[in-house]
Amino acid sequence: MKNIKVPEFSFYFCSVLLILLVNNGCCDWGSSIHVGHEISLAVPLEYSDGFIGRAFLMDDGNGQVEPNFRVALSAEANKGGYSCSLEVFLGDVKVWNSGHHSQFYTMDTCVLELTEDGDLLLKGAEDQVGWRTGTSGQGVERLRILKTGNLVLVDVFDQIKWQSFNFPTDVMLWGQRLDLATRLTSYPRNSTSFYTFEIQHSKLALHLNSGLVLFNDEHRKMAQIPSWWRSIQPPSVRFLALGNETGNLGLYSYSPKKRSFEASFQVLNSKCDFPLACKPYGICTFSNACSCIRLATKEKHTVSNCSEGTSSSAQFCNGTQVEMLELNGVNTVLRDASTRVIVSKTACANLCLDDCKCVAALYSSGNGAKIFRECSIFRLVAGIKQVETGTGTSYMVKVPKGARYDYKETSVEKWVLIVVGVVDGLVIIILVVGGLAYHLIQKRRNNL
């Protein structure tokens, strides 16, 4: 078995080192790696925060077109250890990662091996296997990266036995397909939340990790790409991806002038349409700023941040006396996956009161071609935004009994009143000054 060991150098030095090895004939892989090869990437003996060791193994062989696809073996400092993964890059953008859904940690070396019987493995110390393709005994001969960015294991007849396109991460490349069995998933940093984009039998949906549908095509039209868009964009569009922080779905194209990828189309264009635009118990206002649901309680007259003065579902389940408080002029972009058909707003409020884990409810009613009255209950107070009154929705938050709006503090209503008061005040001042000036001018003319 051929074994190449790459020492613990930085991002670019690992790349140069492997190129030198190839030119010297040590590992002449070209655009593929054959069975029997093993590549090792060393990591520091002690944990070094921020360390990234990356060895580029092969590319799609299309060096004339920028950017091109490249395959790398990577070791990265993360949560006190080193995650070992196989990655695909388009230029400097990571478009696929073997550890996207479940990371493999090692404290010794990161080893990539294509075994004699055709199984592709990632291993750590003492041959501990952290990831594998499971293609043993299927006649695999080599690992290749195609010009589409698809990482594949093929047999002697170039028939694909395994491909990265069947295991999407947060990026969908040009020519890749999603179906009912696959989804795009995005994990924000320093957060327990994650987003998914899914194809279901009757709709396309963006989900938050709690299972709340962000956009429901039964009641509102989802953003869509115009029919003419595809005819002018294909040469530059390279992948579809979910934003890590926002969950926004976008199509990204490469700008040769800026030498970077830019979003040429995004499903959501307004900050207030993002589910986590503001912190929990925050309200996204018409000006795209974040306000707070502030309450006056018996214990404290005022509160200083969005979550203070409110209760979690765990506290509600401890026998605290609660009631539903309706917020005027707000709605939420979240939708409960299991919406209930309810006759009245009171019944919707009671549904949340009877469930100690429920912290908010949305009652929707509408007329027209289809009359509906629905109730969604939530275990998260988020995605709230200011809307015009008369929208046919009522958003209610569970609060300790006796709590009320603290209108003396900043709220949506207070914010609107301040704006209106400032405008009215300016108008009055202008009228007074204008009237006084007119009086003085007339008096001066009479004296003449």
Side-chain angles (χ1 to χ4, degrees), residues 1-6 14-15 17-41 54-65 68-75 84-90 94-102 104 106 109-124 127-169 171-177 179 181-182:
M1 177 180 292
K2 297 180 180 179
N3 188 304
I4 304 297
K5 186 165 184 177
V6 183
C14 287
S15 307
L17 178 64
L18 282 182
I19 292 173
L20 291 174
L21 290 173
V22 171
N23 291 338
N24 289 331
C26 295
C27 46
D28 188 14
W29 300 319
S31 60
S32 62
I33 295 176
H34 293 268
V35 293
H37 280 87
E38 180 180 288
I39 305 101
S40 300
L41 183 63
R54 188 166 288 142
F56 287 101
L57 311 178
M58 55 184 179
D59 58 38
D60 61 9
N62 193 4
Q64 297 179 350
V65 178
N68 64 327
F69 289 101
R70 300 180 294 170
V71 180
L73 179 63
S74 176
C84 172
S85 61
L86 184 64
E87 301 171 331
V88 176
F89 285 83
L90 177 56
K94 187 187 302 182
V95 296
W96 187 83
N97 178 11
S98 64
H100 183 74
H101 297 286
S102 180
F104 166 52
T106 178
T109 57
C110 178
V111 180
L112 175 70
E113 178 186 0
L114 182 54
T115 65
E116 295 287 353
D117 60 355
D119 204 4
L120 186 66
L121 310 173
L122 282 176
K123 303 187 299 182
D127 288 336
Q128 175 191 7
V129 177
W131 177 86
R132 71 193 320 155
T133 56
T135 49
S136 170
Q138 298 183 28
V140 169
E141 286 290 323
R142 56 192 174 124
L143 175 70
R144 292 185 56 197
I145 179 68
L146 305 183
K147 296 185 184 301
T148 58
N150 193 8
L151 188 64
V152 298
L153 289 171
V154 297
D155 61 14
V156 68
F157 302 106
D158 269 350
Q159 297 296 311
I160 295 177
K161 298 299 181 179
W162 177 92
Q163 57 182 333
S164 62
F165 271 17
N166 286 344
F167 304 91
T169 54
V171 171
M172 184 178 178
L173 295 171
W174 196 261
Q176 188 174 1
R177 294 183 179 183
D179 54 30
T182 55

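Side chain of Thr133 to backbone of Leu120: a donor-acceptor contact under 3.5 angstrom is found. His37 places a side-chain N or O within donor-acceptor distance of the main-chain N or O of His34, the cut-off being under 3.5 Å. Listed for the Gln176 side chain is a donor-acceptor partner under 3.5 Å among the backbone atoms of Phe165. A donor-acceptor contact shorter than 3.5 Å is absent between the side chain of Asp59 and the backbone of Phe69.
Applying the side-chain hydrogen bond (donor to acceptor under 3.5 Å, both in side chains) criterion to Asn150, with sequence neighbours excluded, gives Gln163, Ser164. Among residues two or more places apart in sequence or in another chain, the side-chain hydrogen bond (donor to acceptor under 3.5 Å, both in side chains) test is passed with Ser74 by none. For Ser98, there are no side-chain hydrogen bond (donor to acceptor under 3.5 Å, both in side chains) partners two or more places apart in sequence or in a different chain. With sequence neighbours excluded, the residues that form a salt bridge (charged side-chain N to carboxylate O under 4.0 Å, His left out) with Asp155 are Lys161. Scored by the salt bridge (charged side-chain N to carboxylate O under 4.0 Å, His left out) test, Lys94 finds Glu87 as partners (sequence neighbours excluded). By the salt bridge (charged side-chain N to carboxylate O under 4.0 Å, His left out) test, Glu141 pairs with no residue at all, sequence neighbours left out. Residues passing the side-chain hydrogen bond (donor to acceptor under 3.5 Å, both in side chains) test with Arg142 are Asp158, sequence neighbours excluded. Take Asp179 and apply the side-chain contact (heavy atoms from CB on, under 4.5 Å) test, not counting sequence neighbours, and it matches Ala181, Thr182.
Side-chain contact check for Leu73 versus Leu122: some heavy-atom pair is nearer than 4.5 Å. Side-chain atoms of Val95 and Thr169, non-hydrogen and from C-beta on, never get closer than 4.5 Å to each other. No side-chain heavy atom of Leu121 sits less than 4.5 Å from a side-chain heavy atom of Asp127. No side-chain heavy atom of Leu57 sits less than 4.5 Å from a side-chain heavy atom of Leu143. By the 4.5 Å heavy-atom criterion applied to side chains, Thr115 and Ser136 are not counted as neighbours.
Note: Trp162 and Phe167 have parallel aromatic rings, judged against thresholds of 30 and 60 degrees for the angle between ring planes.
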